[in-house]
2 protein chains.
Amino acid sequence: MLNSYSSVDKVLLAVDCIIFGFDNEGLKILLIKRGFEPEMGKWSLIGGFLKKEEKLDSAAIRILDTYTGLHNVYMEQLHTYSEIDRDPVERTISVAYYALINIENHNQELIKNYDAQWFSVTDVPKLIFDHDSMLRHAIRRLRYRTSTKPVGFELLPEKFTMLQLQKLYEAILSKELDKRNFISKINSMDILIKLEEKDMQSSRKGSFLYTFDKDKYDEKSLNDFVLNL
Amino acid sequence: MLNSYSSVDKVLLAVDCIIFGFDNEGLKILLIKRGFEPEMGKWSLIGGFLKKEEKLDSAAIRILDTYTGLHNVYMEQLHTYSEIDRDPVERTISVAYYALINIENHNQELIKNYDAQWFSVTDVPKLIFDHDSMLRHAIRRLRYRTSTKPVGFELLPEKFTMLQLQKLYEAILSKELDKRNFISKINSMDILIKLEEKDMQSSRKGSFLYTFDKDKYDEKSLNDFVLNL
DNA sequence: TCAAAAGTGTTCACCGTACACCCATGG
DNA sequence: CCATGGGTGTACGGTGAACACTTTTGA
């Protein structure tokens, strides 16, 4: 029988984070240059180990905070990876999380000190271990989540233009969208506040800024949010 | 820094399985009466611990085999649960899997010996630890998976009638479906083989039997499978 | 006055949904 | 011949997708 707690093998539990950001150029992820063996000098997702008195969500939050200085960030558990030799040094199980952050807000000093850098998701170097497959998995999940929850706003500044929002969804879905269709779908969701303010950087005419209306979204029944782009 | 493997806490890793079956009455899950403390005598999902030289998928397969005598079963990893006190005896992290089995094929002797029983998902007793939330999560995932992959056939015998298939999807989605619409959607997917054989149990006229055409399904590009019921 | 981005509606094809009657058979 | 479940088609409304021109204003 398996029914005894004694004599059961314990394992190392790691948490790896796929940290997404967006900077109007495209979707980015934060990678770190590994400073220790094995695979020293190679690029890696940002990770750490689970502590004894900590749940996985907390570990993911702690790790994100350590490397970016951010908390109160959208995170979601992805999958748990357990191939025997995924880490050649020691048997390690890794629970992957992905995070969506506003790239303007992170602590640039911190990531410099940690030898971390932003990479475009369309141009990611070879990563260590099974981190490539974690990344693929995270992008797939993010695409799906897009149709289910208004996650896009997590990646944008407080105030943003429609074009920014559209470019973001284009980057996530990696396909081009029609401006008119996009705007009318977003408007029909009725979760944006159109501000009086305009962004004058992008054009002579200027474009109106919007904010995500979280209260309005929360009022809606969660199930009826569907966004097919 | 977190960058050293030494002096990191190790934890117990459990695997819990939500095992679904279907018997024309409704969707069922297999539960076991716990034979040891804590919570002895209470109902629980079927689980076990991860072994040192084993990956999670293998552990889930092993556990399913142990309790049902089945292998080659559809399984999918769900989520990893890590609340500090989820198991009052010892800190345990649990990775949940769900399985879809053909209920006719399982070893009835085995489950009797293990004090396991099938319960209708609409009438499940209070489960130990966080197993209730695992079950809720599994049902939600199964519903979603339904629109993404032809998972229904995993729960049916080799040969089945259209009505059986419909009742199954009704049980999974817990809503009634229109017979004509259901059949035309299923037929438009073009992944069933209509046999010459009829099932004569259910009516005087008899109803044709079908089989899932796995080869035909595999030929199709996986992305274009969408089933909205 | 012109270049450059912002903003705005309509049409069409397809799909999901609602809905009711005839068929075949064994007793 | 009749009761029982099996099997089949159509009409409508809503939504996704394609598509082009006008407005504003700083230089």
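Chain letters run A, B, ... following the sequence lines, proteins first and then strands; every chain starts at 1. The structure displayed is predicted, hence computed values, not measured ones.
- Atom CZ of A/Arg180 and atom C1' of C/dT10 are 10 Å apart (whole Å).
- One interatomic measurement links the two molecules: CE of B/Met200 to C1' of C/dG27, which rounds to 13 Å at whole-angstrom precision.
- The closest side-chain donor-acceptor pair between B/Tyr97 and B/Asp57 falls under 3.5 angstrom.
- In the set C/dT8, D/dG6, C/dA20, C/dT8 carries the atom at the smallest distance from any side-chain atom of A/Lys194.
- Residue B/Asn228 places at least one side-chain N or O under 4.0 Å from the OP1 or OP2 atom of C/dG16.
- Between the side chains of B/Thr80 and A/Thr80, at least one donor-acceptor pair of N or O atoms lies under 3.5 Å.
- In this structure, A/Phe208 atom CZ and C/dT8 atom P are separated by 9 Å, rounded to whole Å.
- The line from NE2 of B/His137 to CG of B/Asp130 is 12.0 Å long, rounded to the nearest 0.5 Å.
- In summary, the aromatic rings of A/Phe129 and A/Tyr81 are positioned with their centroids too far apart to meet the 6.0 Å limit.
- Comparing A/Arg204 and A/Lys179 against DNA chain C, the residue whose closest nucleotide sits nearer the 5' end is A/Arg204.
- A/Lys185 comes within 4.0 angstrom of sugar-phosphate atoms only, judged by non-hydrogen atoms across all strands, and of no base.
- Computed from coordinates, the A/Asn181 CG to C/dC12 C1' distance equals 13 Å when rounded to whole Å.
- Contact of B/Lys205 with C/dA24 (side chain to base): no donor-acceptor pair of N or O atoms is detected under 3.5 Å.
- Atom CG of B/Leu173 is separated from atom P of C/dT17 by 11 Å (rounded to the nearest Å).
- Out of D/dA3, C/dA6, D/dC19, the shortest distance to the side chain of A/Asp178 is found at D/dC19.
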